[in-house]
Number of protein chains: 2
Amino acid sequence: MKAKVTIREVAKAAGVAIGTASRALNRTGRVSEQAIAAVTKAARDLGYTPDAVAQSMRTRSTGVVGLLVSDLANPLYARIITAVESRLLTAGYALLVASTHNDGQREKTLIDLFRRRRVDGLILGPCQAETPAYLDQLAADGPVIALDRDFQGDNAGVHVDHYHGALQATRYLLNLGHTRIALLTPASVLRPGRERILGYRDAYAQRGLQPDPKLIRAEKSAMDFAFSEALSLLGSPTAPTAFLCLGTRILSGVLQALRHSGRLAPDDVSVVSIGDTDLSQLFSPAITSLTWDLEAVGTAVAELLLRRLDSPAPLEQERILLTTQMVLRESCGPVAKAPAAARKKTRAAS
Amino acid sequence: MKAKVTIREVAKAAGVAIGTASRALNRTGRVSEQAIAAVTKAARDLGYTPDAVAQSMRTRSTGVVGLLVSDLANPLYARIITAVESRLLTAGYALLVASTHNDGQREKTLIDLFRRRRVDGLILGPCQAETPAYLDQLAADGPVIALDRDFQGDNAGVHVDHYHGALQATRYLLNLGHTRIALLTPASVLRPGRERILGYRDAYAQRGLQPDPKLIRAEKSAMDFAFSEALSLLGSPTAPTAFLCLGTRILSGVLQALRHSGRLAPDDVSVVSIGDTDLSQLFSPAITSLTWDLEAVGTAVAELLLRRLDSPAPLEQERILLTTQMVLRESCGPVAKAPAAARKKTRAAS
DNA sequence: CTGTTAGCGCATTCAT
DNA sequence: ATGAATGCGCTAACAG
């Protein structure tokens, strides 16, 4: 353990008082050019590094922000986090991260952990435990930014317009003649799922239709869940003719189910997914996708937080809504004339 | 800003001295049951939360560890990080993360940032800047764990056996009759790339062969890089008959290049990739892959670090090597009899 | 402009 | 077993 060099030693080496050294280093208050030069030189010579812990102790600001998402390994979050980290770094902030795994209890534990560490701000992604009671208490400690999540009270945050995204995608399928469109999305208790269901329903409603409730599968997002859900859907006598795969790992489960049941897109069933992944682009057929700019989400979150950090007085309640785009590819087509089973036979016989 | 309750107030409420309160809370030293009870109750009543910053100040330990990888958004790292975070959390540690983007300068900046924050330990993933000079200096501050990376000096860490992985994969293709096997892997200056090239060469050597150096493309790993590299490789008169895609985002680039040039796997060219991704599993044909247990990597890293945190005296230099597995799927076959161009014509004519 | 002083909240030493 | 005092490294307030 090399002895850390403190500001005290720098001051002594520079031949000034400790207070002057501090001011020189931080360019704060009135300091002579001469003092600045001497202190700077001494600091460099000694290899002085300010101790952030001591600074935090004094200034009551740690320069650390905490970020909580349900799963760090989710590629969508991973990209958002990268953007957040990048933007925050330019402002000198470090990023503490953790996964809640959609567990409200765990989320609380993690928030407490972060609070004890005295993070300057908090970014909270969707978690089953919507609007926990301790949230107001939290806001007293520093800015809390919602990431695609709804809070009661002051819910500043960045949100994706899943409502219009789902509306547009559903409408698109409806236009192709589909009326039995399956909607697979993560937990309806989370904002993304809730909004998507609303958009989906409204698209139907605008046609004077009402979707079969059985077609809405909005619980977990695990891939094998999507697989078994899709399989059971496909096995039904009134199987869907289209799949809206609105969750990160849902597409692969549905594709497996299609393969497993001998269905082909877009002839037998149409497929729409989210996120412009390798799989969407390279699968045959390429998958029509609902996308949004993940980097923009991350940057917006970071900038909103930074702004609140500068002016802790919560100005207006700021909500940023980002739109989705639909990338048309090859996985959707008009609803099949003959039922899938019939077509399969035809194909096999030829 | 709700006034934070400090240990001083807890002590007063419990009717004991501040020192006693501290000992009671931490169960350290000699304290009466009675004092413990009183202090615990007071703490609960007042909603006392210890201030981690002040604790760090005093104990010189922050309970925070830093982790640096080239890119947080890389799905492989994302999964490793999740495992690290999970294991670390059970030990009460928080995780600070950042991306180096393979920039040595940025890595240094980030390490300094983390050092100033007085992280208790550091986990360093591969970065162009191998073995920076400041690393020894670093080790004085706390344990530094390598993640698939080589250091000079004390290089404790966990590593993936890319050498044998590449050896096995190359051998497999050699056995299928391929002699022109393209190797695409991220920068050879990084351990993974270096090891893979060694394994690849040795597989050839064991056959008494020597690979065409032009077949080794070991620079950046960006997807469009892989795409253009693969395209140029395929355009050559002596095009490879097999592709080893040993980098996260390389597979998709190569698959696009194949599609673009009208080649089909496994008939025209064989393909091996890494990481058991959705794309590998669902692409047609499913891609034969070289995989390893990412969760195990993360857990091992965390546990190694935790161990060094407990006994700062660097016991033996601990290196953990994790093996790879090869998942055989449909993307590889014997080398085509006729050149691809000829086959294309044949197919078109039929 | 600069030196001195006083804590930030806590763990720990030394008395008692 | 407990109370009082000390200081971790730094910044902010004050006095010069």
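All values below come from the heavy atoms of this structure, side chains included, with hydrogens, waters and symmetry mates left out. Just so we're on the same page: letters track the sequence lines, and every chain starts at 1.
Remark: R308(A) does not engage D120(A) in a salt bridge, criterion side-chain N to carboxylate O under 4.0 Å. A salt bridge does not link D112(A) with R116(A): every distance from a Lys NZ or Arg NE/NH1/NH2 to an Asp or Glu carboxylate oxygen is 4.0 Å or more.
One axis for each end of the helix from dC1(C)-dG16(D) to dT16(C)-dA1(D), each built from five base pairs, and the angle between them comes to 50° at 10° resolution.
Nearest nucleotide to the V31(B) side chain, out of dT2(D), dC10(D), dC8(C): dT2(D). Closest to the side chain of T59(A), from the set dG9(D), dG3(C), dA12(D), is dA12(D). Nearest nucleotide to the R58(A) side chain, out of dT12(C), dC10(D), dC14(D): dC10(D). When each of dG3(C), dA11(C), dT12(C) is scored by its nearest atom to the side-chain atoms of A17(A), the top-ranked nucleotide is dG3(C). Comparing dG3(C), dT2(D), dC10(D) by their closest approach to the side chain of S32(B) singles out dT2(D). For I18(A), the listed nucleotide lying nearest its side chain is dT4(C); candidates were dA1(D), dT4(C), dG3(D).
Distances shorter than 4.0 Å separate none of the side-chain N or O atoms of R8(A) from OP1 or OP2 on dC8(D). At the phosphate of dT11(D), OP1 or OP2 sits under 4.0 Å from a side-chain N or O atom of S22(A). Close to dG9(C), at under 4.0 Å from its OP1 or OP2, lies no side-chain N or O of Q55(B).
Of the residues near DNA chain D, I7(A) and R23(A), the one whose nearest nucleotide (by heavy atom distance) lies more toward the 5' end is I7(A).
Two residues are said to be in side-chain contact when any heavy atoms from C-beta on lie closer than 4.5 Å; D71(B) and T248(B) fail this criterion. Counting heavy atoms from C-beta outward, L25(A) and I7(A) have side chains that approach closer than 4.5 Å.
Residue-environment remark: CZ (R8(A)) stays at or below the threshold of 12 foreign heavy atoms within 6.0 Å.
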